[in-house]
Every structure is written in structure tokens, then in C-alpha cells.
Amino acid sequence: MANNHPNSLPPPSFRRIRSQTWPQENDDDIDLEELIASLPKEKGFISPIQILYRNFWCPSEVFPGVHSFCRHFTAHDSDIILACKPKSGTTWLKALAFSALRRDVFPPSANNHPLMSSNPHELVPFFEFTIYGQAGELIDLASFSVPRLFATHIPHDSLPESVGQSGCRPELWSGGRSSMEEYLDYCCRGIDGFGPFWDHMLGYWKASLERPDKVLFLKYEDLREDTAGNLKRIAEFMGVPFSEEEERDGVIEEIVKLCSLSSLKELEVNKTGKPGVWSTENKTYFRKGEVGDWVNHMTPSMAEKLERIMEEKLSPFGLKFRVK
């Protein structure tokens, strides 16, 4: 993780504090290894082991960070949390949300804009991977500027109680990933990271209907179709609506251009760098981003199977996705 971090101002930095008690192996007399041993497990496709924890399948390598986050995070009313399933446009959403939220300090036209030198995952850290996911140290949350901007893959109903009890605004970026028949089989059985995926979608969908002022539900297809219009929705939801002057000056269009996948993936930091938390290279976070690209990865029978399950699980609640 880079030391210079614009989510914390001024000066932009993440402060790390040493912790002698993390992971919480003896926290409240709960031994982490004993806890893991007591929970149901299944073989995973991407993660070798999935652990059933708080009613979702948690990849084993992320479990300590997830457990610590769920037990110890205290939400502030002004917090903003980007929640999503893995591989559903998270990198793009982080760039858009960060640029809109911090545009008063970092105008999109600035040559030194943080996106020029930092991957979006560095600017908007994951709770389970970054903040609570590194043994021996924690990020000092007091060093974040307000409103604090975070991200998570954890389902809505499994978030720490303080998130629901506070005025914190979880914001969902919704999408999906389907590739390879074996992976699809795991998904259809509900054994995918932070899934079942239909429970993940429905949790945030229902919350957005019950508390539209606190939960904004977005779909990848809609954001691709009208990026500028949905960016305005995101900014308004975060409490930083674009002024008429900003709209006249083209600030929205500047942010859209700055955060486009074509622009981001051409930056040197996203060609060669790594977020610093795990070994994945930054360039792997930038795919085609095309709606309907599933046809190049799934057979018609696989698509039919997935659509049938989505219809069964999601449509009774009024949630539908365009797949073409």
C-alpha cells in the first residue's frame, strides 16, 4: 500500500498502527483457528476453501480480515461504503466515486490527480483485504478525511451491526461474472465467494427499496449506458451534488473521461503496479467492460441455466438484469 493516500486529507496518507492483538485469536475468548474449524466448509473454484460465515461463503484466505471487520468496525453516520460482488465493475465504480467525492481537492483536470499515480483500489480500500486484512497492523481510521470512503464484498445482511444502526450509506454496485462451466456450477449451487450471488444481490436490493436515502442500487448495464447521468446520481447520493456551474463547465464529462476504463488501463500505474495488499497485478483489473461479453465465455446452455436461476431467485422481488 502506498504511503501517500488521498482518501485521507491533509496531508494525503494512510497511517498504519501496530496491533499486538490482531488477528483476534483470543478476542473475547474466541480462538480464530477453533472458530474456523467449527464452521461449515466447501471446496471453492477460485478460493480453494469457502467458509460459511454469517450466512455467506467467505474465501478462507480473507476470513481473518472479514471476521475482524465484522466484530470491530464502528460506522460513522457520514461513511460511504461501496459494496459489490467480485468482478462486477468495482474498479470503475471506485474511480468514479472517489473522483466525484474529492473533486474539490482534486479537480479531474489536475495533472497530479491521484488516479494518475494510484490504482482505484488504493484510493478506496476494502475493509476485508486492506484495512483489517493485514496481520500485525491496522490502518488508522482516524486519519481518513470525512466522509470516509470504503469498499467491501460482504453481503448487506452480514455487515457489522453498526453499519445498519448508523446513518452510514452503503452503496451497491451490482453486476455479475460468469465464465467456465465449472465456475458456473459453483455459482448456481450458491458456493461462490461472498455468495450465494442471489442473496448478495437481494440483500442490497431490498435495502435500497426500504431505505432509498441510505442505499443506492446501481447496475453495470445502466452505468455503461448513461455514465454521466448515473454519476450525477452517485454524487447526489454521497452528499456532493454537482452545481449548475460545474455542469456548464463540463466537470461531469471530465470525470467520466478520467475514469473511463480505456483511460485508466493506459496509465503506467495500472500497467505495471500492484495494489500492495495482494499479489494481483493492477492490469488484471481492467477487462473489456462490455455489456454482453458473456457470449464469448459461456455456451447458450450455460446462459440459459443462469437466466433460469436468476428468474427464479430475483424476479419475484422485482429485480431483473439485462443480459444482452
Side-chain angles (χ1 to χ4, degrees), residues 5-7 9 12 80-85 87-125 145 147 149-151 169-177 204 208 215-271 273 275 282-293 321-322 324:
H5 209 294
N7 205 355
L9 306 168
I80 300 169
I81 302 174
L82 309 184
C84 56
K85 278 282 286 159
K87 301 300 180 183
S88 61
T90 315
T91 308
W92 188 28
L93 179 64
K94 284 186 174 185
L96 288 168
F98 175 86
S99 298
L101 185 65
R102 307 298 187 208
R103 67 185 186 274
D104 59 330
V105 180
F106 302 109
S109 58
N111 293 329
N112 64 340
H113 192 281
L115 282 173
M116 297 297 181
S117 56
S118 299
N119 181 271
H121 292 295
E122 294 180 89
L123 303 179
V124 185
S145 58
L149 184 60
F150 305 112
R169 290 162 288 181
E171 173 182 344
L172 175 67
W173 169 255
S174 176
R177 167 190 172 169
Y204 286 100
S208 72
V215 182
L216 175 64
F217 193 98
L218 298 172
K219 297 180 182 179
Y220 183 86
E221 296 83 0
D222 294 341
L223 190 52
R224 284 285 291 180
E225 187 175 272
D226 182 12
T227 306
N230 280 284
L231 179 58
K232 289 178 62 176
R233 291 180 63 205
I234 292 171
E236 183 174 354
F237 177 79
M238 294 192 299
V240 288
F242 291 99
S243 66
E244 291 184 3
E245 181 180 1
E246 285 180 312
E247 292 195 39
R248 286 196 304 268
D249 291 344
V251 174
I252 296 175
E253 288 73 19
E254 288 181 348
I255 292 178
V256 170
K257 182 178 179 180
L258 172 68
C259 299
S260 69
L261 295 178
S262 58
S263 296
L264 291 175
K265 67 183 179 182
E266 290 304 316
L267 296 173
E268 191 62 28
V269 65
N270 295 323
K271 288 181 178 180
N282 286 342
K283 63 182 180 182
T284 63
Y285 295 110
F286 301 94
R287 300 181 295 166
K288 293 181 180 179
E290 296 177 356
V291 175
D293 188 52
F321 290 93
R322 288 177 289 153
K324 297 181 181 180

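Index from 1, following the sequence.
Annotation for Phe242 and Leu231: closest pair CE1-O, 3.9 Å, computed over non-hydrogen atoms. The two atoms that bring His113 and Phe106 nearest to each other are CD2-O, 3.5 Å, heavy atoms only. Nearest heavy atoms, Glu254 versus Asp249: OE2-O, 4.5 Å. Scanning all heavy atoms of the two residues, the minimum distance from Cys259 to Leu264 falls at O-CD1, 3.3 Å. Residues His121 and Asn119 share a closest heavy-atom pair of N-OD1, 2.8 Å. Residues Leu267 and Met116 come closest through the heavy atom pair CD2-SD, 3.8 Å.
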TODO: Could you give me the CA-CA distance, side-chain angles and deciding distance for Lys94 and Leu123, then say whether side chain to side chain contact (heavy atoms under 4.5 Å, CB included) is met?
DONE: CA-CA 8 Å; Lys94 284 186 174 185; Leu123 303 179; over 6 Å; no
For this session: Take Tyr204 and Lys85 through the test side chain to side chain contact (heavy atoms under 4.5 Å, CB included) and record every step on the way to the result.
Result: CA-CA 11 Å; Tyr204 286 100; Lys85 278 282 286 159; over 6 Å; no
Report the C-alpha separation of Thr227 and Trp92 in whole Å, then their side-chain angles, then the decisive distance to 0.1 Å, and conclude whether the side chain to side chain contact (heavy atoms under 4.5 Å, CB included) test is met. CA-CA 11 Å; Thr227 306; Trp92 188 28; 3.8 Å; yes
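Here the NZ atom belonging to Lys257 is positioned 11.0 Å from the OG atom belonging to Ser109, to the nearest 0.5 angstrom. Annotation: the span from Ser117 atom OG to Glu268 atom CD amounts to 12.5 Å, rounded to 0.5 Å. Rounding to the nearest 0.5 angstrom, the gap separating the CE atom in Met238 from the CG atom in Leu101 is 5.0 Å.
With contacts defined as side-chain heavy-atom distances shorter than 4.5 Å, the pair Leu82/Thr90 does not qualify. Residues Pro114 and Arg102 are not in side-chain contact: their nearest non-hydrogen atoms beyond the backbone lie 4.5 Å or more apart. With contacts defined as side-chain heavy-atom distances shorter than 4.5 Å, the pair Ile234/Leu93 qualifies. Glu247 has its side chain within reach of Ile252: a pair of non-hydrogen atoms, C-beta onward, lies under 4.5 Å apart. You'll find the side chain of Leu96 reaches within 4.5 Å of the side chain of Leu223, heavy atoms only.
Heavy-atom neighbours of Glu236 CD from other residues, nucleotides or ligands within 6.0 Å: at or below the threshold of 12.
In this structure, the side chain of Asp222 does not engage the main chain of Asn230 through any donor-acceptor pair within 3.5 Å. The main-chain N or O of Val240 is found under 3.5 Å from a side-chain atom of Arg103 such that the two form a donor-acceptor pair. Formation of a donor-acceptor pair under 3.5 Å by the Ser263 side chain with backbone atoms of Leu258 is not found in this model.
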